[in-house]
Amino acid sequence: MMEQKSLSGIERSLVVQYLTDGNVPVTLTPVEDSLGSDEIIRSLTSQIFPVAIKGDKVQVSNKGEILLEDPPAAARRFLNKTVKVEFYFNRVGLYFHSKVQENDDGLALSIPPVIDRILETVEEKNYDFSALIYFECKTKKELNIRCVPDESVELFVRPAWKIIPLENQKSAKQLLEQFVEDAKVEKNAGNGIQLVPVCKYLTEPKPERVEAMQDRPEEPSILFVDHERLVLGMTSKACTFFKGEEYGIKLIFSIKKGPVLTRDIFVTGDVNKIYRSTDGTLSCVDFKYTTMQEEDLRFLYEKATSTLFI
C-alpha cells in the first residue's frame with residue numbers, strides 16, 4: 001500500500017470486497033463532535049468507551065452497507081450519532097466515519113467514499129523510571145521487553161486504597177480478599193502493599209484499541225516497584241511469563257544532573273505470583289528479586305521507603 005492517509009479507489013474497492021466476503025470484527029467509537037451539548041461534559045463514570053463488535057455479528061451488503069445484528073446495548077447508545085469505525089485489513093489498521101442508523105434487523109452504517117489508514121503515532125517519552133526484562137535465565141534466551149510506568153499509578157510511594165476509583169472499589173475489594181487468602185496459604189506476598197495497584201489495574205476497563213499495525217508487541221505497565229519486587233500489568237494474551245521462571249531485569253533510573261544519564265540496576269527475579277482479573281483478560285506479574293548488589297538494595301530501599309537503610 002502507498003503511504004498517503006486515504007486509500008485510493010482500487011484499494012478502497014479491495015477493502016469493501018474484503019468486508020463483504022468475510023465476517024470482520026469492527027470497533028465503534030463516537031466522534032466527539034456528534035455528541036449533544038448536554039453530553040459535552042461527562043463524569044468519569046459516564047465515559048464512552050469504544051465498543052467492539054464480533055465478526056459473526058457484522059454483515060456487509062453489496063451496496064456497501066454494514067449491518068450490526070443483535071448489537072450490544074453499549075452500541076445502541078450510538079444511535080443517530082457519527083462514529084469512527086475501525087478494523088484491520090491485512091494487519092493494517094483502517095477507519096472511516098459513518099452515522100449509526102436503525103433498521104428492522106439491527107443497526108446499520110454506510111461505508112463512505114473515503115477510508116483512511118490509522119496513522120502511526122510515535123511518542124517518545126522520557127521516564128524517570130523504566131525497566132527492561134532482558135534475559136530468561138533457564139533457557140538463556142535474550143529478551144527485549146520494555147516496561148513503562150502506568151500513568152495512573154505513582155511509583156515509590158506507599159499505595160493507598162483511594163487510588164482505586166470509587167465505582168471499582170467493590171470489585172477490587174473482592175479481588176483483594178481472594179488474593180489475601182491465597183497469600184496466607186502460599187506465604188508469598190510480603191507485606192502485601194503491592195496488591196492495591198494490582199487490584200486497581202485488574203478492575204479498570206481497558207477497551208481494545210485498533211492500532212496502525214495489528215499484533216504489535218505490548219509494553220507491560222509498571223504498577224509497583226521497591227527493594228523486594230517489581231509488579232507489571234498487561235493483557236493476558238501478552239503475558240508470556242510463568243510462575244517460578246527466573247529473568248534478568250534492568251531497572252533504569254534517569255539522572256537529571258551529572259554526566260551519566262541513567263543509573264542502571266541489574267537484578268534477577270523469579271515470577272512469584274501471577275494475578276488474574278475476574279474475566280481472565282488481564283494479568284499482573286509479581287517478580288521477586290533473587291539477586292541484587294548491596295549498594296543497589298540500599299538505593300532501592302531508601303527510594304521506596306524514604307528511610308535510611310541500616
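Scope of the values below: all heavy atoms of this structure, side chains included, with no hydrogens, waters or symmetry mates.
By the 4.5 Å side-chain criterion applied to Ile, Leu, Val, Met, Phe, Trp and Tyr, Phe242 is assigned to no cluster and stands alone. Under a 4.5 Å side-chain heavy-atom cut-off, the cluster of Ile, Leu, Val, Met, Phe, Trp and Tyr residues that includes Ile118 is completed by Tyr88, Tyr95, Val210.
The minimum heavy-atom distance between Asp150 and Ser152, with the atom names listed, is OD1-OG, 2.6 Å. Scanning all heavy atoms of the two residues, the minimum distance from Met234 to Cys239 falls at SD-CA, 3.7 Å. Residue Phe224 comes nearest to Gln194 through the heavy atom pair CD2-CB, 3.6 Å, listed as atom of the first residue, atom of the second, then distance. Contact between Thr20 and Ser61 at its shortest, heavy atoms only, is OG1-O, 4.0 Å.
Contact annotation: the side chain of Cys284 approaches that of Leu202 to within less than 4.5 Å [non-hydrogen atoms, C-beta and beyond]. At least one side-chain heavy atom of Ile222 sits under 4.5 Å from a side-chain heavy atom of Leu232. Contact annotation: the side chain of Val85 never approaches that of His97 to less than 4.5 Å [non-hydrogen atoms, C-beta and beyond]. At least one side-chain heavy atom of Thr307 sits under 4.5 Å from a side-chain heavy atom of Tyr301. A heavy-atom distance below 4.5 Å is found between the side chains of Leu300 and Met292. Side-chain contact check for Asn80 versus Val100: every heavy-atom pair is 4.5 Å or farther apart. Residues Thr290 and Cys137 fail the side-chain proximity criterion, which asks for heavy atoms closer than 4.5 Å. Residues Pro220 and Ile145 meet the side-chain proximity criterion, which asks for heavy atoms closer than 4.5 Å.
Checking side-chain atoms of Arg91 against main-chain N and O of Gln214 turns up a donor-acceptor pair under 3.5 Å. Remark: the backbone N or O of Tyr201 is not paired with any side-chain donor or acceptor of Glu204 at under 3.5 angstrom. Put simply, the side chain of Ser277 gets close to the backbone of Leu282: a donor and an acceptor are under 3.5 Å apart. At least one donor-acceptor pair under 3.5 Å links the side chain of Ser236 to the backbone N or O of Gly280. Listed for the Asn168 side chain is no donor-acceptor partner under 3.5 Å among the backbone atoms of Ser171. The main-chain N or O of Pro50 is never found under 3.5 Å from a side-chain atom of Thr27 such that the two would form a donor-acceptor pair. Remark: side-chain polar atoms of Arg117 are not paired, donor with acceptor, to backbone N or O of Gly93 under 3.5 angstrom. Under a 3.5 Å cut-off, the side chain of Arg229 and the backbone N or O of Gly269 do not form any donor-acceptor pair.
Screening Val51, Leu94, Val58 for a side-chain contact (heavy atoms from CB on, under 4.5 Å) with Val26, the sole residue that qualifies is Val58.
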Kindly determine whether Asn23 and Asp56 satisfy side-chain hydrogen bond (donor to acceptor under 3.5 Å, both in side chains), including the steps that lead there.
CA-CA 6 Å; Asn23 299 96; Asp56 59 1; over 6 Å; no
Does the salt bridge (charged side-chain N to carboxylate O under 4.0 Å, His left out) test come out yes or no for Lys288 and Glu246, once each step is laid out?
CA-CA 9 Å; Lys288 190 171 183 180; Glu246 189 176 33; over 6 Å; no
Checking side-chain hydrogen bond (donor to acceptor under 3.5 Å, both in side chains) for the pair Ser6/Asp116: CA distance, chi angles, key distance, verdict?
CA-CA 4 Å; Ser6 298; Asp116 292 320; 2.5 Å; yes
Where do Lys303 and Asp226 land on the salt bridge (charged side-chain N to carboxylate O under 4.0 Å, His left out) test, with the steps shown first?
CA-CA 8 Å; Lys303 189 167 184 64; Asp226 68 359; over 6 Å; no
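A salt bridge links Asp296 and Arg263; the closest N-O separation between the charged side-chain nitrogens and carboxylate oxygens is under 4.0 Å. Between Lys237 and Glu218 there is no salt bridge, since none of the side-chain N atoms of the basic residue sits less than 4.0 Å from a carboxylate O of the acidic one.
With sequence neighbours excluded, the residues satisfying ring pair (Phe, Tyr, Trp, His ring centres under 6.0 Å) with Phe156 are Phe129, Phe253. Listed by chain and number, the residues in a salt bridge (charged side-chain N to carboxylate O under 4.0 Å, His left out) with Glu86 are Lys84 (sequence neighbours excluded). For Glu69, there are no salt bridge (charged side-chain N to carboxylate O under 4.0 Å, His left out) partners, not counting sequence neighbours. The salt bridge (charged side-chain N to carboxylate O under 4.0 Å, His left out) check on Lys184 picks up Glu181, with sequence neighbours excluded. Residues passing the ring pair (Phe, Tyr, Trp, His ring centres under 6.0 Å) test with Phe241, sequence neighbours excluded: Tyr247, Phe287. Residues forming a side-chain contact (heavy atoms from CB on, under 4.5 Å) with Ala172 (at least two apart in sequence, or on another chain): Trp161, Ile164, Cys199, Thr203. The salt bridge (charged side-chain N to carboxylate O under 4.0 Å, His left out) search around Glu219 returns Arg146, not counting sequence neighbours. With sequence neighbours excluded, the residues forming a side-chain contact (heavy atoms from CB on, under 4.5 Å) with Val24 are Tyr18, Leu19, Phe87, listed by chain and number. Listed by chain and residue number, Phe96, Leu109, Ser110 satisfy the side-chain contact (heavy atoms from CB on, under 4.5 Å) test with Ser98 (two or more places apart in sequence, or in another chain).
Taking hydrophobic clusters as Ile, Leu, Val, Met, Phe, Trp and Tyr residues chained together by side-chain heavy-atom distances below 4.5 Å, Ile265 does not share a cluster with Leu132. In the hydrophobic clustering of this structure, Val267 groups with Leu297; members are Ile, Leu, Val, Met, Phe, Trp, Tyr whose side-chain heavy atoms approach within less than 4.5 Å, directly or through other members. Neither Val114 nor Val31 shares a network with the other; the hydrophobic side chains, linked directly or stepwise wherever heavy atoms of I, L, V, M, F, W or Y lie under 4.5 Å apart, form separate groups for each. Both Val225 and Val271 sit in one connected hydrophobic cluster of ILVMFWY residues. Membership requires side-chain heavy atoms under 4.5 Å apart, directly or through other members. No chain of hydrophobic side-chain contacts below 4.5 Å, direct or via other Ile, Leu, Val, Met, Phe, Trp or Tyr residues, connects Ile111 to Leu67.
Pairs passing the salt bridge (Lys or Arg N to Asp or Glu O under 4.0 Å) check and including a residue from residues 127-136, sequence neighbours excluded, read Asp128-Lys256.
Distance check: Lys243 NZ to Glu186 CD gives 4.0 Å after rounding to the nearest 0.5 Å. Going from atom CZ of Phe89 over to atom CD of Glu11 covers 8.5 Å, rounded to the nearest 0.5 Å. Note that the OG1 atom of Thr240 and the CG atom of Leu143 stand 7.5 Å from one another [nearest 0.5 Å]. Here the NZ atom belonging to Lys200 is positioned 11.0 Å from the CD atom belonging to Gln169, to the nearest 0.5 angstrom. The CG atom of Leu28 sits 13.0 Å away from atom NZ of Lys81, with the distance rounded to the nearest 0.5 Å. Taking NZ from Lys206 and OG1 from Thr281, the interatomic distance works out to 8.5 Å, rounded to the nearest 0.5 Å.
In this structure, Lys173 places its NZ atom where only 12 or fewer heavy-atom neighbours from other residues, nucleotides or ligands lie under 6.0 Å away. Crowding of Glu142 atom CD: a count of heavy atoms from other residues, nucleotides or ligands under 6.0 Å not exceeding 12. More than 12 heavy atoms of other residues, nucleotides or ligands sit less than 6.0 Å from atom NZ of Lys57.
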